[in-house]
Amino acid sequence: MSALTRFQIVWTETKDLQVPAGGDATTLARLRQQVAAIASEAEKSFSRFESVPAQDDDLYGADVAACTAAAEAAVPDALKNMRVILWPSADGKTLTKDEALPAPWDTATPDTMELIGRFTVDGHDVSAFSRAVRPNEDASRLVSLVTGTGLPPGTSVYVPREVRRKPVDTKAARVAFWLAVASVALFAMACLWSMSVGDVTRMAGNAFAARLATNVPAAAPAPAAPAAPAAGAPAAPAAAPAAVAAPSTPETKCSTQFDVRRPSTLFGAPQDWLPGTAGNDGVCLTDWLKVVSDVQNASNRDWWSRTKVWLAKWTVSDSGYAFSLRMPILLAMASIIMMALAAGLGVMGRPLGLFIDKRNRMSLTRVQFAIWLVILMGPLAAYALFNVGFWAESLDRIQQGAAYATNAAKQQPELKLWENKLSGLLDFTPSMETTLWALLGISGGTTILSSFITQPGPTSAAPGGATPVLPPRRTRILTKDDPKDAALADLVYGETEEDDGVVDSTRVQTIVITGVLAAIYVSLALEAAERIGGLSATGALAEARQVFSSMPPVSATFLWLLGLSHATLLGGKLVGAYKQ
C-alpha cells in the first residue's frame, strides 16, 4: 500500500476525534499509528477515502501533519496483527451495548482488551480499544462507531459520510423534473423534424428524377432514304447527312458534376441551377420548384407522411427553392440547454448548478466546455437525423447492394468503389475533421487540468511516499460556504485570496474569444443547413452519398485562437497558484 493511501485512511478515521480537556495528547498519535498499521496489513477493511486539506491549512494543518507522520512511520512489531474498536465505554474497560456489537467484539472480555485512549467527537465520548487478532477471525480489523467502518450499512454513526450538498427544495426538484420532461419532448420534436425534412427532401429528389426522365427529348428519327431514280435518268447527287444532336439523358441533363470549363461550378451551382431575375430561373431550378410544390400538396398519403410533409413545410424558404434545418438545429440546442438547466436545478437547486464546482463558485472552464458541447451536438443530431430520413427508406436495398458489391469486388475490382460508397451510406452520423476533435480536446483538457490546479487538498498534503500530480500550492483557493453564493461574477474574478474581487484579464480574454468563436461556428452550422435544394438532393442521389457527410470544419486560425486562449487561462491559474 502506498503512503498516500495509508495517509488518507488515517485522516478519514481520526480527523473528527478530539482529546478531551486534561487528556493525554499522545493517545491520539498512538491511535493513528495503530490505524496506519492495520491499513498496511488489511487495506480491504477500509472503504472511505476523503479529500485532505492543505498542509498549511489554519484549522487542520496540525492534524494533517500528525496523520502524515503516522502514515510514513515504520510499523512497530507491537502494533502488528492487532484489531481496534472505537466505541462508547462507561468505565474505560467494557464496551456499552446500546448498539449491537459486531463479532468478535461482542464476546470480548476486559482482560483481552487494551485501552488506547478516550476521545470526544461531536458531543459524544468514545474509547479506543485494541486486542490481538485470533486464528480464524475474518471480521474487519477496524470497527468505528464514529465513521461506520466495519459496521453494517445503515448503522447510525457519530460522523456520517460528509454530505457536500444540501437537499434540494421539493418545489425546485419538481420544477426540475418537468423541465427535464419538456427538454426530452423538445429534443424528440427536433429529431422528428430533422428526419421529416430529410424524408421529404428524398421524396422531392425521387419526383425530380422521374420528371427529368419524362422530359428528356427522344432521339431525332433517321432521315428517309431517297427515292430510286427513274429508269434511264441520271442518278441524283448524294445528300449531305443531316447533323443530329446527341440526345439528352437523365444523367446528363441537370448534372450536379463539376465542370472544369466553368470554374464557378467548383464553388457554386451550375448555370441551370441558378435563380434568375423576373422569374427567369435556370431550367433545372424551375423543374425543382414545381416538384417541391407537388410534393407538398400531394393528397394520396397516410397520416404519418402528411405529418412529415407538414413539418417540412415550415422549413421551406419563401421562394420555395430549398428546405432548411435551421429551426430543428436551434430546437435541438435549446433542448440540450434545458436539460442542463434541469440537472442544475435538480442537483443544486439552481438553474446554473451544473457550472458550480466543489468550491461553490461558478467554473469558467465548465461553462466553456458546455458551450462547445451544445454547439456541436445540436447540429450533429439534426444532420444525422436528416440523413436517416433521406436514406432510411432504401436501407434494405443499400445493405443488399453493399453485400453484393463486397462479394463481386473479388472478381471485379472496379466494384470496390461502390462497396465503399454503399458502406458510407450506412454511416448516418456526419464525420468530424481532426480540427473539431482537437477543439473538443482543448476544451475538455482545459477543464480537467483546471481541476488539478485548483485542487486545494491532496496534492499539497501528500506524504513523501506519494508522487503528487502538482507541487504544493503557495496560495489559498477562494471558496464559498454555500452553492447559493455562487455568482456569474465568479467567471471574471480571480480565484485566490489575494485576487478576491479583482477582475482577472486571463479569464476575460477567454470569455471574449470563446464567445466570438462560438458565434462563428453556430452561424456556420446553421448556414450549412439553410439551403438544402435540388442540387444537394439530386447530387446525393446520383453519387450515392450522404447530404451531410461531415460537420462544418474549422480552420487552423480558429483552432490556434482557441488553443492560445485556453493556454493563457491555464497559465494565469498556474501563476496564481505558485506566485510568491
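Quick note: residue numbers are just sequence positions, from 1. Everything numeric here is computed off the predicted structure, so don't read it as measured data.
For W193 against M327, the heavy-atom pair with the smallest separation is CH2-CB, 3.7 Å. When every heavy atom of S40 is checked against every heavy atom of V75, the shortest pair comes out as OG-CG2, 4.3 Å. Residue L331 comes nearest to L186 through the heavy atom pair CD1-CD1, 3.6 Å, listed as atom of the first residue, atom of the second, then distance. What you find for S335 and A332 is that their closest heavy atoms are OG-O, 2.7 Å. Nearest heavy-atom pair across C67 and V10 is SG-CG1, 3.9 Å. Residues A382 and L325 approach most closely at O-CD1, 3.9 Å, considering heavy atoms.
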Does the pair T12 and F46 meet the rule for a side-chain contact (heavy atoms from CB on, under 4.5 Å), with working shown? CA-CA 10 Å; T12 301; F46 304 92; over 6 Å; no
Take D63 and T14 through the side-chain contact (heavy atoms from CB on, under 4.5 Å) test and state the conclusion after the steps. CA-CA 9 Å; D63 289 324; T14 64; over 6 Å; no
Trace of the side-chain contact (heavy atoms from CB on, under 4.5 Å) decision for L574 with I453: CA-CA 7 Å; L574 287 170; I453 296 173; 3.8 Å; yes
Under the salt bridge (charged side-chain N to carboxylate O under 4.0 Å, His left out) rule, what do R359 and D490 come out as? Steps first, then yes or no, please. CA-CA 11 Å; R359 302 168 298 162; D490 297 338; over 6 Å; no
Would you sort out whether L449 and K573 count as a side-chain contact (heavy atoms from CB on, under 4.5 Å), showing the intermediate values? CA-CA 10 Å; L449 290 174; K573 288 175 175 284; over 6 Å; no
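The shortest side-chain heavy-atom distance between D106 and K97 does not fall under the 4.5 Å cut-off. Residues L31 and F119 form a side-chain contact, since some pair of their non-hydrogen atoms from C-beta on lies under 4.5 Å apart. Between F386 and P328 there is no side-chain heavy-atom pair separated by less than 4.5 Å. Taking the side chain as every heavy atom from C-beta outward, L192 and M195 approach each other to under 4.5 Å. The shortest distance between side-chain heavy atoms of T510 and T506 does not fall below 4.5 Å.
Remark: side-chain polar atoms of R6 are not paired, donor with acceptor, to backbone N or O of A36 under 3.5 angstrom. Using modelled atom types, one side-chain atom of S431 and one backbone atom of S549 make a donor-acceptor pair closer than 3.5 Å.
With sequence neighbours left out, D111 forms a side-chain contact (heavy atoms from CB on, under 4.5 Å) with T109. Legend: residues meeting side chain to side chain donor-acceptor pair (under 3.5 Å) with D427, ordered by chain and number and at least two apart, are absent. In this structure Y383 satisfies the ring pair (Phe, Tyr, Trp, His ring centres under 6.0 Å) test together with F548, sequence neighbours excluded. For P88, the side-chain contact (heavy atoms from CB on, under 4.5 Å) criterion is met by T96, L145, Y158, not counting sequence neighbours. Not a single side chain to side chain donor-acceptor pair (under 3.5 Å) links S505 to another residue, sequence neighbours left out.
Contacts classified as salt bridge (Lys or Arg N to Asp or Glu O under 4.0 Å) and involving residues 138-153 (residues at least two apart or in different chains) are given here: E41-R141. Within the structure, every pair that satisfies the side-chain hydrogen bond (donor to acceptor under 3.5 Å, both in side chains) test and touches residues 555-565, not counting sequence neighbours, is listed here: Q509-S565. Counting only residues at least two apart or in different chains, salt bridge (Lys or Arg N to Asp or Glu O under 4.0 Å) contacts with residues 325-344 comprise R326-E527, R326-E530. Counting only residues at least two apart or in different chains, salt bridge (Lys or Arg N to Asp or Glu O under 4.0 Å) contacts with residues 500-522 comprise E495-R507. Listed by first and then second residue, the salt bridge (Lys or Arg N to Asp or Glu O under 4.0 Å) pairs involving residues 178-193 amount to none (not counting sequence neighbours).
More than 12 heavy atoms of other residues, nucleotides or ligands lie within 6.0 Å of CZ in F558, so this atom counts as buried by the packing criterion. The environment of OH in Y521 is crowded: more than 12 heavy-atom neighbours from other residues, nucleotides or ligands sit within 6.0 Å.
Side chain to side chain, D499 and T496 meet the donor-acceptor criterion of an N or O pair below 3.5 Å.
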Indicate every side-chain donor-acceptor pair of residues 345-352 with a distance under 3.5 Å to a residue at least two apart or in another chain.
unit_1	atom_1	unit_2	atom_2	d
R350	NH1	P483	O	2.9
R350	NH1	K484	O	3.4
R350	NH1	A486	O	2.6
R350	NH2	A486	O	3.1

Under 3.5 Å donor-acceptor pairs involving side-chain atoms of residues 362-380, not counting sequence neighbours:
unit_1	atom_1	unit_2	atom_2	d
S363	OG	T365	OG1	3.1
S363	OG	R366	N	3.3
R366	NH1	L354	O	3.4
R366	NH1	I356	O	3.0
Q368	OE1	S443	OG	2.8
Q368	NE2	T365	O	2.9
Q368	NE2	S443	O	3.1
Q368	NE2	T447	OG1	3.4

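The only option from Q34, E13, R131 that meets the side chain to side chain contact (heavy atoms under 4.5 Å, CB included) definition with V84 turns out to be Q34.
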